[in-house]
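Atom set for the values below is all heavy atoms of this structure, side chains included, hydrogens, waters and symmetry mates excluded.
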Amino acid sequence: MPMRYSALTASVIGFVVTAPLALWSPGFALLALVFLGLLVLGVWDMVQRQRTVSRNYPILAHFRYLLESIGPEIRQYFIQSDTEERPFSREQRTIVYQRAKNVLDKRPFGSQLEMGSEGFEWMDHSIKPVEIEDPDFRITIGSRCARPYSASVFNISAMSFGSLSANAILSLNEGARMGGFYHDTGEGSISRYHRQPGGDLVWEIGSGYFGCRNEDGTFSEERFVENATLDQVKMIEIKLSQGAKPGHGGILPAAKVTPEIAEARGVPVGEDVVSPAQHSAFSTPIELLEFVDRLRELSGGKPVGFKLAIGHPWEWFAIVKAMLETGRHPDFIVVDGGEGGTGAAPLEFINRLGMPLIEALLLVHNSLVGTNLREHIAIGAAGKITSAFNIARILALGADWCNAARGYMFALGCIQALNCHTGRCPSGVATQDPVRGGRLDVADKSERVANFHRNTVQALANLIGAAGLNHPRELGPEHIVRRVSKTTVHSYMDLYPFLEPGELLNGKEPEHGVFRKYWAAARADSFDPPEFILKLRETKLR
C-alpha cells in the first residue's frame, strides 16, 4: 500500500478495532465515530473529481489545504521580519497602533533598517532646530471660492460605506470631528453613518454618480444639490480613477445592496449596481473642466477638484492644456499612487497598472509649475502613508497635504488579515457582517483615529522642526536624500527633474523626456492618443 494512503488505511484499521469496543465504553464509541468520519472523508476524496491532490492523497491533502489557508497568518506572525513590507511591515503597523492607543511609540537600541542599502532615504536636519508650538498645520483649498476650506495636512482617504462597516465609518467620522481633519466618503456617497457624527466630509463622486444619479445612472443636478449644500460637506471630489484599480469600473452584486447602502447610493434595493469604467457627464478634457465649474456653482461655491491615478501622460497633459485654453481649473487635485489599497481588485491591476505615487506626483506638480498654474491649484496625495516621514517626503515632492486609508484602518484595529474581499474581516472594519462589524466599539475606535492623527502630525512637527522649518509648506526636494548605491547618495532635488515656472509656455522644447515626447501632441479637446501613438498601434515594427 503506497504511503500516500496511510491516513486512509489507519482510519480503516482504527474503525475496525474501535467499533466492537464501542459497545463497552463511551470513549471507544467516540473514537469509532472519529475514525468513521475520517474514513468517509477519505472515500469521498478518492471518488470526487475536482481535486486531484485529494484523490492521490486522501485525508492527508486536507492538512495541506489547512496550512495553505493560514499561510498569510503564519508568514505575518512567525516568518516576516519587523521591517519587511508585505504590504505593510510589522514596524509600520505597530507605530500606527501605538500612536492610535496613545502609548509610548519610542524604539530602543537604534534602527533596524539597513542604512547602507540602495533606496534608503532620510531627511536632513539643521544645526538650528525650531520648536513648533502649534502643530495644527492647515492648508487653504479653494481660496478663490465663496467657501474655501482650511484642511489639515493629514486626512482620511476615500473609503465607502459598503467597503467598510457601519461602525468603522462612524468611528472614522467621529475621529475626524474630534481631530479637526476631513473624511473622504469614497464613491459610495454619503451614508447616514457619515452624517451622524458631524465630521468634515469630502464627497467623492465616481462614474456611478452615487448620491446624485438619475434612475438610468446618469448625473442628477437636483440630487447633487441636496447633498453638496450640506454644511458638513466641505469639498467635492470627482473620481477619475484610483490607484489600486485604475481604469476599472465595477459591479456591486444585488445581494450586497442592502437598504442602508441603497439609501446612501440612491439605487434600488436588491439589484445589481454598475459603476462604469468612465464618466457619462463628460468625455473630453474641456467638458471635465466645465463639469467642475458647474459643480462649484451648484454647491454654493465650495472647492471642487478631482482625484486620479496617472496612466497615459498625454491624457493628463490634455487636461492641463484644457485649463490653459479655457481659463477654467479645479481647486484641487488628489494624486492617487498605484500602490494604493482596495478591498478587492484583480492582481494585475494591484501590482502592474498605474503610476506609483512619487512619479505621478512629480508629473502633476511639474506640469502645473511649468504652466504657471501651480499657485492656483492645491495638490493632495495618497498612497501607502502611515508615518510622519511618509508625509514629509511626499510634501517635499510638491504635495500640499496627504491622505491615508489603510493607516486609519490600522488605527481602527485592522490587523492586515487580507480578508477585505471576503466579508470575514476579523477586526470588523472591512465587512458588512452585522455581527463582526457591530463588535467594533465606536467610542474607543474614534478616539484612536483622533489619537493617530494628532500624534502623527506632532511627529511631523518634530521632524520639520529638527530640519529648521516652521511649516510643512517649507519642505522641498532638497530636504530628502536617497541612497542610490553603496557609495552614492542624492537629494530629491538632484535625483528628480523639476521644471521651472512657465517652462512649458516659452515655446522651447522641454528637456524632460516625458514632456518632450507627449506635451506638444496633447489636445485640450480630446483624451485620444497622439497620432504617432495611433500609428504605432497598427504595427509591431517599432
Side-chain angles (χ1 to χ4, degrees), residues 155-178 181-214 217 219-220 222-239 242 250-275 299 302 307 342-344 403 405 408-409 412 414 420 423 425 428-443 445-446 449:
N155 303 282
I156 302 172
S157 195
M159 293 181 284
S160 300
F161 170 57
S163 296
L164 301 192
S165 67
N167 281 14
I169 295 295
L170 284 170
S171 301
L172 289 172
N173 196 257
E174 173 61 14
R177 186 196 65 79
M178 295 167 64
F181 52 102
Y182 79 64
H183 178 193
D184 192 311
T185 65
E187 65 177 309
S189 192
I190 306 168
S191 71
R192 63 179 72 176
Y193 304 110
H194 290 95
R195 294 285 310 277
Q196 185 175 320
D200 289 356
L201 293 175
V202 170
W203 180 19
E204 182 179 271
I205 299 174
S207 58
Y209 303 114
F210 298 128
C212 56
R213 60 187 266 141
N214 296 308
F219 176 72
S220 166
E222 180 181 355
R223 294 179 182 177
F224 172 80
V225 171
E226 292 175 5
N227 275 329
T229 53
L230 294 172
D231 187 60
Q232 192 179 353
V233 174
K234 304 301 181 182
M235 300 196 297
I236 315 297
E237 177 183 281
I238 304 165
K239 174 193 162 185
Q242 70 181 86
I251 297 178
L252 186 65
K256 293 186 177 181
V257 185
T258 64
E260 290 176 322
I261 290 177
E263 175 189 61
R265 301 193 178 201
V267 298
V269 178
E271 294 184 14
D272 290 344
V273 180
V274 178
S275 294
S299 68
K302 294 180 180 180
K307 177 179 83 173
T342 184
N403 294 336
Y408 282 102
M409 287 176 68
L412 288 174
C414 166
C420 307
C425 173
V429 177
T431 180
Q432 287 304 298
D433 183 326
V435 176
R436 292 173 182 265
R439 288 176 177 165
L440 189 151
D441 186 271
V442 174
K445 302 306 182 184
S446 57
V449 168

Mind checking what makes side chain to side chain contact (heavy atoms under 4.5 Å, CB included) contact with E271, not counting sequence neighbours? P268
Below 4.5 Å, heavy atoms only, C-beta onward: do Q432 and I261 meet side chain to side chain? yes
Side chains of W203 and L230: closer than 4.5 Å at any heavy-atom pair? no
Just by modelled atom types, is the I236 backbone N or O under 3.5 Å from a matching donor or acceptor in the K302 side chain? no
Once rounded to the nearest 0.5 Å, what's the spacing between atom OG of S189 and atom CZ of R213? 10.5 Å
Output for pair (I238 CD1, E187 CD), nearest 0.5 Å, gives 13.0 Å
What's the spacing between Q196 CD and L170 CG if we round to 0.5 Å? 5.0 Å
Closest approach of S207 to S275 (non-hydrogen atoms, all atoms of both residues): OG-C, 3.9 Å
N173 and G199: which non-hydrogen atoms are nearest, and at how many Å? OD1-N, 2.7 Å
One should read off an interatomic distance between D184 CG and N155 CG, to the nearest 0.5 angstrom, of 9.0 Å
Rounded to the nearest 0.5 Å, what's the gap from CD1 on I205 to CZ on F224? Could you check? 4.5 Å
Are any of the side-chain heavy atoms of M159 and V429 separated by less than 4.5 Å? no
What pairs of donor and acceptor atoms, side-chain ones from residues 433-442 against any protein atom, are under 3.5 angstrom apart with sequence neighbours left out?
unit_1, atom_1, unit_2, atom_2, d
D433, OD1, V435, N, 2.8
D433, OD1, R436, N, 3.3
R436, NH1, R424, O, 3.1
D441, OD1, A443, N, 3.4
D441, OD1, D444, N, 2.8

Which value, rounded to the nearest 0.5 Å, describes the distance between I156 atom CD1 and M409 atom CE? 12.0 Å
For E174, check side chain to side chain donor-acceptor pair (under 3.5 Å) against everything at least two apart and list the hits. R177
Work out which heavy atom in S220 is nearest to a heavy atom in N214; give both atom names and the distance. CB-OD1, 3.3 Å
Nearest heavy-atom pair of A158 and G186: which atoms, and what distance? CB-CA, 3.6 Å
Residues forming a side chain to side chain contact (heavy atoms under 4.5 Å, CB included) with S191, sequence neighbours excluded: F161, I169, Y193, H194, A264
Would you say that V449 contacts F181 through its side chain, given a criterion of any heavy-atom pair below 4.5 Å between the two side chains? yes
Hey, are the side chains of N227 and V233 touching, using non-hydrogen atoms and a 4.5 Å cut-off? no
How close do S299 and T229 get, heavy atom to heavy atom, and via which atoms? O-CG2, 4.2 Å
State, yes or no, whether a side-chain contact exists between K307 and K239 at a heavy-atom distance under 4.5 Å. yes
Any donor-acceptor pair under 3.5 Å from S165 side chain to G428 backbone: yes
Minimum-distance pair of heavy atoms, taken over all atoms of V257 and V269: O-CG1, 3.5 Å
Test salt bridge (Lys or Arg N to Asp or Glu O under 4.0 Å) applied to E226 - qualifying residues, sequence neighbours left out: none
Under the rule for side chain to side chain contact (heavy atoms under 4.5 Å, CB included), what residues qualify as partners of D200, not counting sequence neighbours? Y149, Y182, K234
